2 protein chains.
Amino acid sequence: MSVQSVDRTLDILEALADQGGEAGLSEIAARTRLPYGTIHRLLQTLLARGYVRQESDRRYALGGSLVRIGEVAERLVGGWAEPYLTKMVELSGETANMAVLEGDFVVYVAQVPSPRRLRMFAEVGRRVLPHSTAVGKVLLADRADAAAVFGRTGLPRRTEHTITNVDRLLAELVTVRERGYAMDLGEEELGVHCLAVPVSDGDRVVAGMSVSGPADRISALNRDELAQGLRKIAHDFGVEAFGSGR
Amino acid sequence: MSVQSVDRTLDILEALADQGGEAGLSEIAARTRLPYGTIHRLLQTLLARGYVRQESDRRYALGGSLVRIGEVAERLVGGWAEPYLTKMVELSGETANMAVLEGDFVVYVAQVPSPRRLRMFAEVGRRVLPHSTAVGKVLLADRADAAAVFGRTGLPRRTEHTITNVDRLLAELVTVRERGYAMDLGEEELGVHCLAVPVSDGDRVVAGMSVSGPADRISALNRDELAQGLRKIAHDFGVEAFGSGR
DNA sequence: ACATCCTTTCCATAATATGGAAAAAGTCTT
DNA sequence: AAGACTTTTTCCATATTATGGAAAGGATGT
C-alpha cells in the first residue's frame, strides 16, 4: 500500500508537467480531483524546497530542484538503455540510438554503434529538428501539438526527400501512429535510412529508439518484421526504465 | 507547516541523487536518518509510479518518471533565466549565457546576445568540454570529482592558451572557488574572453552564468567589479529558480 | 463599490503514517 | 553446506498527522 500524500504530490507534479509546467490551483484541482486545501498544503511543501515555485499571478510552476534530480535520472536511464540498444544492433546489424524531445528538438541521449566498418554515427547530445528524423516523427506522433511544433520550427529542406509540406507530414504522423513505427527515407541525410519505434511510460511516448544505416542495407531488411522486433525491445525497456505505468 | 511524508520523500530522492542516482536502503537511512520501515514504505510509493526503481541487487535507483518532469522544469528555468541574462548583457555589453553540466559536458541552456554587431554566439544545446570554458571551471570548482572528470574527458588543446596540465587546472579551480568567478582567456577560442559565475540552489552549484566577447573588450572591463555585479544577478536568479535552499 | 472567481487559512477529527521488532533474504566465511 | 552477519522487508498498535469543508482573503472585471 502506498503513502497517500506522496501519491497525491506526484499527481500534482504530473498535472503541472502535463500543462507545460505551469497552472493555477483550480486547474490542478480539475486534473487531480483533490480538494483545494489539500493541494495547497502539498504545494507549500514543494514550494519550501524549490520543487515548485509561485509566479506573481499566484499560479504555480515546476521548480528548479527538479532539474538536478531529472538530470541524474536521465544519465541513469541512458545507461539502462544500452543493453536494449545492443539487442537492436544485433537484430538489425545497424547502429541503434535513443532520443528524446527537449523543447522542439530531438536530442540523442544514448547510442550503440554497429560493428560494421560502414556505420551511422550520431553524437550523443546532438540536437536535430524532428520533422526529418524517424525518432522525431515517433515522438511527435504522440503529441497533440505536433502542428504547433512544426509551426515554430519550420520544415527546412535537408535533402530532396525531406517532407516540407505540413499537411503531408501530419498525415505521415497518422500513419506512424497506426503502424507503430516511423521511417526516415533519406529525409535528414541522403543515402541514410532509419526506422524508429516509441518508448512509452505507459501513458505517453517519452523516448524513441531507432536503427539507421545505408539506405540499401536498411531497405534489404524486412521492415515490418524488424519494426515488430524493435517494438518488443523498446517495450521491455519502457517497463524497466519507466515502470508499468499507473 | 509542511507535509512530513512529502518532505521525507524528497529527502530520499535527494539522497539518491547525491549518490549518483543509486543507493541501498541502509545508505539512504544513513543520509536521511529515517527509520528503515519508513524509507521502505515511501520507496514503494515511488517505485509504483516509476520515480524510483529497484536493481537486481535490491539497491534503489532514481527512475525514468523523473526525467520528463525534470525536462519540463528545465525548459521553464531556461525561460526564467532570460531576464537575468539580459541584466548581465546590460552590465557588460556582451553576450550572456547560462550552462549546466550534463554528464561530463557543459551544455548551454539559455542565452541573451549582445546588441553589438560583433558578438559572441553559442548555440543553445551546444555541448563543450568543461576544462577550456569559464562556465565549465565554475561548475567543476564545486565538484569533489573534478579530477575524475578531467581523467575521463582528457584536456584536449583547443588553442595555444588551453590549460592542458591537470595539476595547473586543479589549482585554477581552487582559485575559482576562492575568488568566486572563472575566466576563459582564449582557452576555448582564440581572441575570445569569458567570465563566469556560479548559480547555486543553496547547497551546490547547479548552473553557471557567463558573459563573453572579444578579448580586448572583456579585458577593458574592471574584472572584479564585473564579477561582483554578475554574482549578484546570478544569486538573485538562484533564489528565484531554486528556492533559498533548506 | 460590488460581483465573481480563485486562493489561502483554519481546525475538529477521521484516517493515515509511523517505527520498533521480528521475519526474510542475501552475502561472506569457514 | 552451514552458520554468522548484514541488509531489507513485513507487520501492526497507536501516536500523530493529513484531511477537507467552510470561511476568510485576494485579484480581476464591470
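In this text the structure is predicted, and so the values were computed from the model without any measurement. Naming convention: chains lettered A, B, ... in sequence-line order (proteins, then strands); numbering from 1 in each chain.
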Colleague: Considering heavy-atom distances to DNA chain D, does A:R58 or B:Y36 have its closest nucleotide positioned more toward the 5' end?
Modeller: B:Y36
Colleague: What is the distance, to the nearest angstrom, from the CD atom on B:E55 to the P atom on C:dT27?
Modeller: 14 Å
Colleague: Nearest whole angstrom, please: distance from the P of C:dT9 to the CG of A:L47.
Modeller: 11 Å
Colleague: Heavy atoms from C-beta onward define the side chain here; which of C:dG26, D:dT19, C:dT18 lies closest to that of A:T38?
Modeller: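 Per side-chain heavy atoms of A:T38, the pick is D:dT19.
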Colleague: Using only side-chain N and O atoms of A:R8, determine if any of them is under 4.0 Å from OP1 or OP2 of D:dT19.
Modeller: yes
Colleague: Among the nucleotides C:dG19, C:dT8, D:dT9, which one has an atom lying closest to any side-chain atom of B:L25?
Modeller: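 Taking heavy atoms from C-beta onward, the closest nucleotide is D:dT9.
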Colleague: Between D:dT9, D:dT19, C:dT8, which nucleotide gets closest to the side-chain atoms of A:Q4?
Modeller: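 Closest of the options to the side chain of A:Q4: D:dT19.
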Colleague: When we call it a touch if two heavy atoms are under 4.0 Å apart, what does B:E27 touch: a base, just sugar-phosphate, or nothing?
Modeller: nothing
Colleague: Consider only side-chain N and O atoms of B:D104 and B:T153, and report whether a donor and an acceptor are under 3.5 Å apart.
Modeller: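 Judged by distance alone, the side chains do not pair up.
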Colleague: Are B:R49 and A:D11 within salt-bridge range, i.e. N to O under 4.0 Å?
Modeller: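 Answer for the salt bridge query: yes.
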Colleague: Among the candidates D:dT9, C:dG19, D:dG20, find the nucleotide nearest to the side-chain atoms of B:Q54.
Modeller: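 Side chain of B:Q54 sits closest to D:dT9.
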Colleague: Knowing that exactly one of B:V197, B:V112, B:L226 qualifies, which makes a side chain to side chain contact (heavy atoms under 4.5 Å, CB included) with B:M88?
Modeller: B:V197
Colleague: Please give, in whole Å, the distance from D:dT17 P to B:R41 CZ?
Modeller: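 These atoms are roughly 17 Å apart.
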Colleague: Which whole-number value in Å describes the distance from B:I39 CD1 to C:dG20 C1'?
Modeller: 14 Å
Colleague: As a test of reading the structure: which of D:dT9, C:dT18, C:dC6 is closest to the side chain of A:S26, going by heavy atoms?
Modeller: C:dC6
Colleague: Looking at A:R68 and B:E14, is any side-chain nitrogen of the basic one under 4.0 Å from a carboxylate oxygen of the acidic one?
Modeller: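 A salt bridge is absent here (no side-chain N lies under 4.0 Å from a carboxylate O).
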Colleague: Check A:E22, A:Q19, A:E27 against A:R59 for a side chain to side chain donor-acceptor pair (under 3.5 Å) and give me the one that passes.
Modeller: A:E27
Colleague: What's the closest nucleotide to the side chain of B:S5 if the choices are C:dA17, C:dT8, D:dT8?
Modeller: C:dA17
Colleague: Looking for any heavy atom pair under 4.0 Å, which part of the strands does B:R59 touch: base, sugar-phosphate only, or nothing?
Modeller: nothing
Colleague: Check the distance between D:dG29's P and A:D57's CG and give it to me in whole angstrom.
Modeller: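 Going from CG in A:D57 over to P in D:dG29 covers 12 Å.
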Colleague: Starting at the 5' end of DNA chain C and moving along, which residue's nearest nucleotide shows up first, A:V6 or A:G24?
Modeller: A:G24
Colleague: C:dT8 C1' sits how many Å from A:Q44 CD, rounded?
Modeller: 8 Å
Colleague: Nearest-Å distance, CG (A:D11) to P (D:dT19)?
Modeller: 11 Å
Colleague: When you check the phosphate oxygens OP1 and OP2 of D:dT8, does a side-chain N or O of B:H40 lie under 4.0 Å from one of them?
Modeller: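 Indeed not, no polar side-chain atom of B:H40 lies that close.
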Colleague: Just how far, in rounded Å, is P of D:dT8 from CG of B:L42?
Modeller: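 Taking atom P of D:dT8 as the reference, CG of B:L42 is at 15 Å.
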